[in-house]
Each structure stands twice: as structure tokens, then as C-alpha cells.
Enquirer: 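For reference, the structure I am asking about is given below.
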Amino acid sequence: MERGKSVNPLKSVEIRPLKKEDLGAIVKIDEKVLGENRRDYWERKLALMNNKSSQVSLVAEVEGNVVGFILGDVSGWEFGVPDTVGWIDTLGIDPAYQKQGLATALAQELIKKLKAVGVRTIYTLVSWNDWDLLQFFHAMGFTRGDMINLELKI
Ligand SMILES: CC(C)(COP(=O)(O)OP(=O)(O)OC[C@H]1O[C@@H](n2cnc3c(N)ncnc32)[C@H](O)[C@@H]1OP(=O)(O)O)[C@@H](O)C(=O)NCCC(=O)NCCS
């Protein structure tokens, strides 16, 4: 059987812009996914984002509950095309709602919004160990880019 799709068809999925009131739901999803409560981290992250006009972030609601999110951003916003690139910072889907196309729906909507402001290339960084994310981005058509990440332990 094809993965997901027909097991539990979701009714009334709404993709909408992320609001600061979504903090609690995002912290819960993150905790379910990673097994750790990172409220402080998310508080800081969303506060920083709310101050940035270049952020494009969305949530997926099912029957009124936030069950997934995607955080995106645009660099070079001030300078306009052709240097405008988009970033996907992070995304997460409540494990109970995974494999039903929600991340795809969120990413497609984000891509549409990024395209509308002139973005032609989207970057994201994924840990080599995050196989579900790697598989997901592969399924979305992402390929390895020309940049490599460098690090220095200090
Ligand atoms: C990766 C993730 C976003 C996928 O969300 P999702 O809503 O289940 O994804 P979709 O149903 O849209 O999947 C689309 C495609 O991606 C691929 N895919 C998604 N999850 C996969 C998995 N666990 N294993 C293999 N492939 C996967 C499949 O090709 C799938 O297509 P298919 O259903 O036709 O096979 C979700 O598993 C997640 O949130 N993981 C945790 C990510 C994380 O650590 N975030 C930071 C903290 S919250």
C-alpha cells in the first residue's frame, strides 16, 4: 500500500501563518519529536522571528489544533531579486499526524510564498543522522547543493 495517504485521510487541514500564540503547540510538537521540553529555546526563537519582516512561517491546523509547523526566511530581502534566496530553518509534524502529507502541504505553501517574493533557490541544512528529514527533502525534490558546511570545535 502507498505510505500514508489512505490510512487516515485528514479532514479540514488549514495551512496558515504562524502566530506568537502558537508557541505552546510548537513546544509540544517539538517535545513529542525530540523527547525534550525546549520552551526557552522556542520562546527566544519565535521572539527573534517576530521581529523579522523576512520570515515566512506557517502552521498546519487539523480540526482547530496546530499539528505541524515550518519556519522559513528570505535572505537578501532588502536587495530584491536576483540574489534573493529562501531558507527552511526547521519543520516538525506531531508524530500522530506524520505520514499523511502535512509536511508536504506546509512545504508546498512555503515554496509558493517564497516564489512569490522572487526566491528561486531554497536552502536548508539537515543533519546526516536525520533520515526522516533527509528522505522528506529528497521526496520534495531537494538535492545536494554546492555549499558544504565547515565546523571548528573550540
Ligand atoms: C520529516 C517530517 C517533517 C515528515 O513529515 P510528514 O508530514 O510525515 O511528511 P509527508 O507525509 O508530507 O511525507 C512526504 C514524503 O516524505 C518522505 N518521508 C516523510 N517521512 C518519512 C520517513 N519517516 N521515512 C521515510 N520517508 C519519509 C516520503 O517520501 C513521503 O512520501 P510518501 O508518504 O508518499 O512515501 C516528520 O517526520 C517530522 O516532523 N520529523 C521530525 C523532524 C524534526 O526533527 N524537526 C525538528 C524538531 S520538531
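Computed from a predicted structure; not experimentally measured. Every number for a ligand or one of its atoms is a count from 1 in the order of the listing.
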Enquirer: For ligand 1, is there an atom lying under 4.0 Å from some heavy atom of Thr90?
Expert: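 Under 4.0 Å: yes for Thr90.
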Enquirer: Would you mind listing which atoms of ligand 1 come within a distance below 4.0 Å of any non-hydrogen atom of Gln135?
Expert: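 What qualifies from ligand 1 is 17 (C), 25 (C), 26 (N), 27 (C).
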Enquirer: Please say yes or no: joined through hydrophobic side-chain contacts below 4.5 Å, possibly via intermediate residues, are Val33 and Val67 part of one cluster?
Expert: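 Each belongs to a different hydrophobic cluster.
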Enquirer: Polar-atom distance check: Arg38 versus ligand 1, any N or O pair below 3.5 Å?
Expert: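 So ligand 1 has no N or O lying under 3.5 Å from an N or O of Arg38.
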Enquirer: Taking the basic N atoms (NZ, or NE/NH1/NH2) and the acidic carboxylate oxygens, is any pair closer than 4.0 Å for Asp89 and Lys45?
Expert: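 Yes, Asp89 and Lys45 are salt-bridged.
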Enquirer: Could you tell me, atom by atom, which parts of ligand 1 come under 4.0 Å of a heavy atom of Gln100?
Expert: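 Checking each atom against Gln100, I get 11 (O).
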Enquirer: Which atoms of ligand 1 are found less than 4.0 Å from any heavy atom of Gly101?
Expert: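 Going through ligand 1 atom by atom, the ones under 4.0 Å from Gly101 are 10 (P), 11 (O), 12 (O).
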Enquirer: Could you name the option among Thr104, Leu91, Val126 that has the heavy atom nearest to atom 43 (C) of ligand 1?
Expert: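 The residue whose heavy atom sits nearest atom 43 (C) of ligand 1 is Leu91.
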Enquirer: Is the closest N or O pair between Ala103 and ligand 1 shorter than 3.5 Å?
Expert: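 In this structure, Ala103 places an N or O atom under 3.5 Å from an N or O of ligand 1.
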Enquirer: Would you say the ring centroid of Phe69 lies under 6.0 angstrom from that of Trp42?
Expert: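 Close enough - the centres of the two rings lie under 6.0 Å apart.
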Enquirer: Identify, by atom number and element, the atoms of ligand 1 in contact range of Val33, meaning under 4.0 Å from any of its heavy atoms.
Expert: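 Numbered from 1, ligand 1 contributes 41 (C), 43 (C), 44 (O).
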Enquirer: Any nitrogen or oxygen of Tyr97, main chain or side chain, under 3.5 Å from a nitrogen or oxygen of ligand 1?
Expert: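 The answer is no, given that Tyr97 and ligand 1 share no N or O pair closer than 3.5 Å.
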Enquirer: Between Asp30, Leu134, Asp130, Ile29, which one has a non-hydrogen atom sitting closest to atom 47 (C) of ligand 1?
Expert: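 Minimum heavy-atom distance to atom 47 (C) of ligand 1 goes to Asp30.
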Enquirer: Side chain to side chain donor-acceptor pair (under 3.5 Å), that's the test. Do Trp87 and Thr124 meet it? Break it down for me.
Expert: CA-CA 6 Å; Trp87 287 91; Thr124 191; over 6 Å; no
Enquirer: Near Asp132, which atoms of ligand 1 are under 4.0 Å from a heavy atom of that residue?
Expert: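 Near Asp132, meaning under 4.0 Å from one of its heavy atoms, ligand 1 has 1 (C), 22 (C), 23 (N), 37 (O), 40 (N), 41 (C).
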Enquirer: Going by the order shown, which atoms of ligand 1 are within less than 4.0 Å of some heavy atom of Gly92?
Expert: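 The list of qualifying atoms is 39 (O), 48 (S).
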Enquirer: For Ile15 versus Ala105, what's the shortest heavy-atom pair and its separation?
Expert: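 Smallest interatomic distance, heavy atoms only, reads CD1-CB, 4.1 Å.
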Enquirer: I need the single residue from Leu106, Ile29, Thr104 that forms a side chain to side chain contact (heavy atoms under 4.5 Å, CB included) with Ile93. Which is it?
Expert: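 Result: among Leu106, Ile29, Thr104, Leu106 is the only option passing the side chain to side chain contact (heavy atoms under 4.5 Å, CB included) with Ile93.
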Enquirer: Before accepting this row, confirm whether a basic side-chain N of the pair Arg38/Glu31 lies closer than 4.0 Å to the acidic partner's carboxylate O.
Expert: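 No, Arg38 and Glu31 are not salt-bridged.
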Enquirer: To the nearest 0.5 angstrom, please state how far the CD1 atom of Ile26 sits from the CD atom of Glu21.
Expert: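 Going from the CD1 atom of Ile26 to the CD atom of Glu21 covers 11.0 Å.
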